[in-house]
Amino acid sequence: MQNFTKSVWQAVLILLVTVSIGMSEVLAQTTTISGKVIEERTKETLVGVNIVVKGRVVGTISDLNGNFNLRVNQAPPFTLVFSMIGFSSKEVEITESNVSNLQVTLAESTILGQEVVVSASRVEEGVLQSPVTVERMDIISIREAPQASFYDGLKNLKGVEMSTQSLTFQSFNTRGFNANGNVRTVQMIDGMDNQAPGLNFSVGNIAGISELDLESVELLPGAASALYGPNAINGILLMNSKNPFQYQGFSAQIKTGIMDQNARTNPTTGFYDFAARYATQLSDKVAVKFNVNYLRADDWQANDFRDQSLLNGFGIGNGTRENNPGFNGVNIYGDETNVNMFSVAQSLVGLGALPEAALGLVPQTFVSRTGYRESDLADYGTKSLKLNAALHWRVTDKVEAIFQGNYGSGTTVYTGADRYSITGFNIGQYKAELRADNWFIRAYTTQERSGDSYAIGIAGQGINEAWKPSQQWFGEYVGAFVQARGQGVPEDQAHNLARGFADQGRFMPGSPQFNQALADVRSRPIPGNQQGVGALFVDKTNLYHLEGSYAFKDIKFADFVVGANYRVFQLNSEGTLFALDEQGNEFNIREFGGYAQGSKTIAEKLKLTASVRYDKNENFDGQWSPRVSAVYTAGQHNFRASYQTGFRLPTTQDQYIDLLTPQARLIGGLPLFRDRYNFANNPAYSLATVTQFGTAIQTLAANPQFQQQVFQQVFSQFPEGTAPNDPAVLAAVAQAVPVVAAQQNQNLRTPYQFTRFQPEIVRSYEIGYKSLIANNKLLIDGYYYYNRFENFIGGDIIIQDRFPDSGIASDLGLNLLSANSRNIFSLPVNRQEVIKSFGWALGADYQLPKNYTIGGNVSFNKLANLDELAEVGFIPSFNTPEYRTNLTFANRNINNKNIGFAIAWRWQDEFVWQSSFVGPAVNAQQLSVMPAFSTLDAQVSYKVKSIKSIVKLGGQNLFNSSGFRQAWGNPTVGTMYFVSLTFDEFLN
């Protein structure tokens with residue numbers, strides 16, 4: 001790996017030397033242009049206007065007085081382009097060698113439909129003529145969003161949904177199959193994939209970009225693999241930072257406020273956010289920038305204490321710790337450990353700790369350990385630190401070199417198969433890039449370090465085990481229960497007495513014993529060692545990436561772009577998260593890919609584009625991803641249609657994870673695990689099969705007629721004169737009933753059939769319409785899509801006998817029904833069914849008089865064949881409301897008084913959330929319903945020109961301190977009030 005990295009950087013240096021040969025241009029004639037830029041209406045000077053030579057990287061900006069001075073190593077004629085966000089661009093042709101006192105006026109623009117995007121085709125094009133749907137936020141919409149951060153503002157975009165796992169960790173998604181830590185979307189910052197390599201998803205904006213340095217955000221909903229490669233099948237988010245040549249000077253932002261949610265430990269707490277940016281041009285050739293962003297807050301808390309066990313006849317709505325001995329709270333941990341009381345009693349009888357007659361007093365009831373609330377275990381002291389530095393070197397007038405480093409660290413909470421306290425987590429991204437107007441080559445590495453992160457659920461389990469091992473605890477519980485029942489105590493009271501007895505001396509949250517036990521568990525890597533359970537999540541995985549792209553300019557027939565990339569994942573969890581090879585090392589994963597695209601415009605009305613991409617991962621067959629699209633322009637109306645194939649490679653964890661959690665052992669889908677866990681000789685069974693088998697046994701065992709038959713069989717084996725109510729008879733009957741019931745249901749035990757593990761493929765069809773009408777005041781954008789997913793990667797739960805040679809219980813499959821005699825595995829698999837989804841979205845923005853704007857959008861997403869999938873027992877985890885809608889009303893400058901405001905209202909429908917964190921029984925019955933909710937966000941701002949600052953006062957989720965949840969087990973998000981002061985040296 002070190003050799004590969006060394007070779008990449010050598011290649012970059014060689015390219016730098018090569019393009020530097022073009023420095024002979026410096027000897028060409030030098031032309032000097034100077035002048036001033038003013039605003040057309042007010043005649044005020046404009047500062048920070050970007051001035052570049054068309055087709056080159058040469059340029060400057062207007063200074064604090066609106067003046068500019070530019071030297072160009074080129075003889076006239078050439079064209080200067082003057083541009084600034086919020087103003088219409090202007091091109092000025094220079095025909096003389098030296099020009100002074102050039103005065104240029106720029107007119108304010110509403111910019112509705114005028115944006116230029118590059119994400120859709122990897123070349124610049126107007127957003128109205130884009131062949132696929134593109135959502136965009138520019139500097140103004142970022143600055144004026146009615147949310148505390150631009151990342152929160154993503155939810156204003158059409159078709160976007162967010163899953164909030166903490167204040168600083170949100171996952172975006174479009175078009176269904178949402179997830180916490182979404183592996184079906186890709187997030188890029190300045191061309192770098194922002195994923196955590198060991199997790200294969202972006203951790204929100206923790207290790208992202210500072211809002212002060214953000215120039216634009218472009219979002220492509222749906223599949224984008226044809227140009228961007230694997231995994232971008234549900235959307236790709238591209239964030240672009242500010243070039244230090246174009247955005248210079250010092251800027252800073254201080255933001256503070258309060259967070260309020262009435263069910264938190266401390267309902268109302270403060271938060272603090274500081275950012276600063278400095279950029280300067282050291283010479284005509286070199287510019288640098290530096291960024292720092294620090295946030296601190298007490299996080300939102302996960303406080304869903306409903307019972308997701310569904311044991312002992314209780315449901316989500318009526319199960320509590322007081323009435324259900326098998327209670328398992330959603331955000332309570334340690335109570336996932338449960339056993340059947342009767343099986344414990346049988347073990348105690350076998351050990352001589354209970355008389356055989358006691359079995360007649362013990363019901364077939366599940367009992368769980370007493371757990372701890374998440375607020376007792378998690379680190380809610382959220383922090384986020386982002387650092388950035390970049391050097392931009394204009395090697396020639398046509399080529400710019402960029403050396404950039406991004407570092408982010410933080411503490412937050414994330415929901416996966418467990419809830420994880422991401423403590424001291426950090427990611428570094430380091431890039432070297434050469435760029436011209438028609439090509440680039442880029443090399444970067446991403447270095448992930450998990451810090452002191454730990455699994456909260458495992459921590460709760462570990463504290464319980466450190467205080468009293470489960471075997472002892474359950475034995476004490478059953479012993480106390482038998483004693484109480486023998487004294488005539490009613491069953492429900494006996495359960496309470498038994499728990500009180502078994503919990504004597506339990507470590508209480510906040511006590512020295514509890515804190516020490518938590519510290520010990522957090523210090524040991526998952527799954528632990530001889531000293532006890534371990535919850536520490538160790539991940540030091542690195543990603544190395546090299547890519548390039550070239551757009552041909554000299555081909556007259558059509559426009560062509562080609563590109564290629566190579567990447568390596570270097571897995572490193574110190575042997576705790578990922579499987580090891582035969583030499584005891586963790587695996588490396590190598591991938592490469594390439595693409596070609598051609599486009600042709602016919603009669604200035606019809607633009608046809610076709611592209612194809614090929615990608616190969618060493619563990620899977622190569623994948624082809626074609627895309628064809630057409631855009632027909634009729635005046636102001638633009639109609640588009642496209643077909644594209646996207647694919648998702650199984651993640652690093654899908655391939656190689658080998659991790660024990662409280663619910664199950666998570667394993668990868670590669671064939672090596674089938675041998676490692678001996679599924680060939682000790683078969684596993686699907687959860688549905690085991691559930692059906694167990695239900696059949698319970699139903700039959702509860703049948704009075706069947707009980708009488710078993711009684712007669714057992715009683716006939718006792719000596720004559722034995723009383724029917726003899727304790728020995730009753731105990732023998734109690735043992736025989738499940739055995740006979742299992743014997744009569746052996747036909748339900750069908751071993752699990754493994755299939756080949758492959759990449760997931762989506763075939764996406766889309767039609768759309770975009771238009772700017774009503775005198776350029778009304779922008780309309782709508783689309784309809786239809787997706788077909790093949791080899792869909794979903795989760796499956798299989799159950800294996802832990803003691804395959806333990807006698808009749810094993811022979812009959814009874815071991816599969818008890819937590820202490822079975823192994824539970826969760827693994828990714830490909831579904832054989834074709835999964836179909838469809839949806840549409842419609843958005844409109846209207847420019848009212850006096851700078852007022854009103855807008856709205858609605859989106860619809862639906863799984864087309866849900867009933868068909870339910871029949872085969874597949875849980876697709878669509879995790880998306882059918883309807884979502886946004887309404888906005890704003891004015892960025894009321895009556896030119898430097899006062900602005902924005903209001904955004906959002907509503908989404910209820911839906912079912914399915915994931916590995918949801919209890920298996922709740923998942924299977926689709927009971928994890930996320931209620932519908934709405935939010936109201938608003939801000940008012942005042943531009944104080946005398947101090948070059950903007951004061952902004954706002955609130956999110958106003959008037960709803962009870963809050964809302966966006967995913968099962970996630971925190972309750974309350975109300976947030978904030979005020980910010982932003983200083984910008986070049987503020988207009």
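No hydrogens, no waters, no symmetry mates; every other heavy atom, side chains included, goes into these values.
Q147 and N156 are linked by a side-chain donor-acceptor pair at a separation below 3.5 angstrom, with hydrogens and angles left out of the test. In the model, Q170 has no side-chain atom that pairs as donor or acceptor with a side-chain atom of N205 under 3.5 Å. For the residue pair E211/S149, the side-chain donor-acceptor check at 3.5 Å is not satisfied. T185 and N173 share no side-chain donor-acceptor pair at under 3.5 Å. A donor-acceptor contact closer than 3.5 angstrom links the side chains of R640 and T133.
The backbone N or O of D213 lies less than 3.5 Å from no partner atom in the side chain of S241, so there is not a single donor-acceptor pair. Within the 3.5 Å criterion, the main-chain N or O of K770 finds a donor-acceptor partner in the side chain of N638. Although no hydrogens or angles enter the test, the distance criterion places a donor-acceptor pair under 3.5 Å between the side chain of S928 and the main chain of W913. Judged by distance alone, the side chain of Q597 and the main-chain N or O of T609 form no donor-acceptor pair under 3.5 Å.
One distance of note links CG of L214 with CG of D190; it measures 9.0 Å at 0.5 Å rounding. To the nearest 0.5 Å, atoms CG (L779) and OH (Y846) are separated by 13.0 Å. One finds the CD1 atom of I142 at 11.0 Å from the CG atom of L212 (value rounded to the nearest 0.5 Å).
In this structure, the side chains of Y785 and N861 come closer than 4.5 Å at one or more pairs of heavy atoms. Y595 places a side-chain heavy atom less than 4.5 Å from the side chain of V561.
Between F177 and F789, the ring planes lie perpendicular to each other; the angle is over 60°, past the 30° to 60° tilted range. Ring orientation note: the planes of F889 and Y852 are close to parallel, at an angle under 30° on the 30°/60° scale.
Contact check on K836 versus E868 returns no salt bridge, with no Lys/Arg side-chain nitrogen under 4.0 Å from an Asp/Glu carboxylate oxygen. In this structure, E40 does not pair ionically with K90, as no charged nitrogen and carboxylate oxygen lie closer than 4.0 Å.
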Problem - Test salt bridge (Lys or Arg N to Asp or Glu O under 4.0 Å) applied to D437 and K54, step by step - result: CA-CA 10 Å; D437 65 337; K54 189 174 183 179; over 6 Å; no

